[in-house]
K.L.:
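One structure coming up, written as structure tokens, with questions to follow.
Quick note: residue numbers are just sequence positions, from 1. In each ligand, atom 1 is the first atom listed, and ligand 1 is the first ligand listed.
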Amino acid sequence: MDAPALALPALAVDSLGLQIGGARILQDVSFAVGAGEMIGVIGPNGAGKTTLFNLISGVLRPTQGSISLNGREITAAPIHRRAKAGLGRTFQTSNLFPRLSVLENVRLAAQAKMGGSFNLLRFPSASDEATRIARGTISEVGLTGQLTTAAGDLSHGEKRKVEIAVLLATNPAVVLLDEPMAGVASGDVPSLSAIIRSMHRDRGCTVMMVEHHMDVVLGLVDRVAVMHHGSLLALDSPDAVMADPTVQSAYLGEPV
Ligand SMILES: Nc1ncnc2c1ncn2[C@@H]1O[C@H](COP(=O)(O)OP(=O)(O)OP(=O)(O)O)[C@@H](O)[C@H]1O
């Protein structure tokens, strides 16, 4: 009998590095994320977390190492090809069009994924496919009541939810969330956490999430990656990471 085929990791980076001038921003980072896994990325300010996401999503090119998505190397692929291959990301700061409505913002993402043109002047018809997808993902994030609200008029937490609806409208397999709770009022944290959990459990997305809210990270993820000075210090279960003395001294500053 043949041995079962080993599942390819959804995302793998090997010896990834970025040097700018004399500065080593990221050095020799290697890990693999299994399909359907959720990984939290933590580390002090300047540890290299966003740089790692910028390299994976194609905003920056590495000076060393490789990146693959579902077994296919994407190290030199342009951003749009990575998106087409199923990679999606959110950013630390909002990238919504503030004067467009919630529906228009999300619809544009659905339309872009479908290969349609960006026609901002055409009022979305209730029946077209992009509108149907947009309404669905807006409903998933609980904002159906705000369809016609301008994105700029939303609260911080609602903007974060619309950004997730935008991401989901592109139907990504692997998502990178860069501080999804940043600036969000504490009252909005549980509903945002539930949306991220559902993205993972119900949609089956593979998720990597940079987040400073430790309680959120530890409650959601399968494994935690700890970055420090541009290196990967640890990648393990939340319990093992919290108990790791190297992590405690590097990240938490003192034993917990
Ligand atoms: N283009 C660049 N040129 C020079 N230095 C850079 C560049 N991009 C990032 N850095 C530096 O690399 C380091 C890592 O930055 P990065 O934003 O990845 O950290 P981070 O872990 O995401 O931090 P934070 O938690 O504050 O968002 C920082 O010291 C930053 O100043």
K.L.:
Check for a donor-acceptor pair, side chain of Thr206 on one end and backbone N or O of Gly36 on the other, with a separation under 3.5 Å.
P.N.:
yes

K.L.:
Which protein non-hydrogen atom lies closest to atom 12 (O) of ligand 1, naming both residue and atom, and how far is it?
P.N.:
Ile25 CG2, 3.1 Å

K.L.:
For ligand 1, which atoms have a heavy atom of His212 less than 4.0 angstrom away?
P.N.:
25 (O)

K.L.:
Please list the nearest protein heavy atom to atom 15 (O) of ligand 1 with its residue and the distance rounded to 0.1 Å.
P.N.:
Thr51 OG1, 3.7 Å

K.L.:
Indicate whether atom 31 (O) of ligand 1 is within a distance of less than 4.0 angstrom of some protein heavy atom.
P.N.:
no

K.L.:
Please work out whether any backbone atom (N, CA, C, O) or any side-chain heavy atom from C-beta onward of Asn45 is under 4.0 Å from ligand 1, and answer side chain, backbone, both or neither.
P.N.:
both

K.L.:
Considering heavy atoms of the protein only, find what lies nearest to atom 23 (O) of ligand 1 and give residue, atom and distance to 0.1 Å.
P.N.:
Gly46 N, 2.8 Å

K.L.:
Can you tell me if Gly48 has a non-hydrogen atom under 4.0 Å from ligand 1?
P.N.:
yes

K.L.:
What heavy-atom pair brings Ala165 and Val106 nearest, and what distance separates the two atoms?
P.N.:
O-CG1, 3.7 Å

K.L.:
Can you list the atoms of ligand 1 that are under 4.0 Å from a heavy atom of Ala47?
P.N.:
19 (O), 20 (P), 21 (O)

K.L.:
Between the side chains of Gln146 and Glu158, is a donor N or O closer than 3.5 angstrom to an acceptor N or O?
P.N.:
yes

K.L.:
Between Ala169 and Ala109, what is the shortest heavy-atom contact and its length?
P.N.:
CB-CB, 4.3 Å

K.L.:
Identify the heavy atoms of His200 and Glu37 that sit nearest to each other, and give their distance.
P.N.:
NE2-C, 3.8 Å

K.L.:
Between Thr131 and Asp128, do the side chains contain a donor N or O and an acceptor N or O under 3.5 Å apart?
P.N.:
yes

K.L.:
Taking atom CZ of Arg72 as the centre, does the number of heavy atoms from other residues, nucleotides or ligands within less than 6.0 Å exceed 12?
P.N.:
no

K.L.:
Any idea which heavy atoms bring Ala134 and Leu103 closest together, and the distance?
P.N.:
CB-CD1, 3.8 Å

K.L.:
To which protein heavy atom is atom 27 (O) of ligand 1 closest, and what is the distance rounded to 0.1 Å?
P.N.:
Gln92 NE2, 3.1 Å

K.L.:
Within the structure, does at least one protein heavy atom fall under 4.0 Å of atom 6 (C) of ligand 1?
P.N.:
yes

K.L.:
Looking only at protein heavy atoms, which one is nearest to atom 1 (N) of ligand 1, and how far off is it?
P.N.:
Ile20 CD1, 3.5 Å

K.L.:
Does the side chain of Thr149 come within less than 4.5 Å of Leu154's, by heavy atoms?
P.N.:
yes

K.L.:
For atom 21 (O) of ligand 1, which protein heavy atom lies nearest, and how many Å away is it?
P.N.:
Lys49 NZ, 2.7 Å

K.L.:
Distance to 0.1 Å, residue and atom name: give those for the protein heavy atom nearest to atom 17 (O) of ligand 1.
P.N.:
Thr50 CB, 3.8 Å

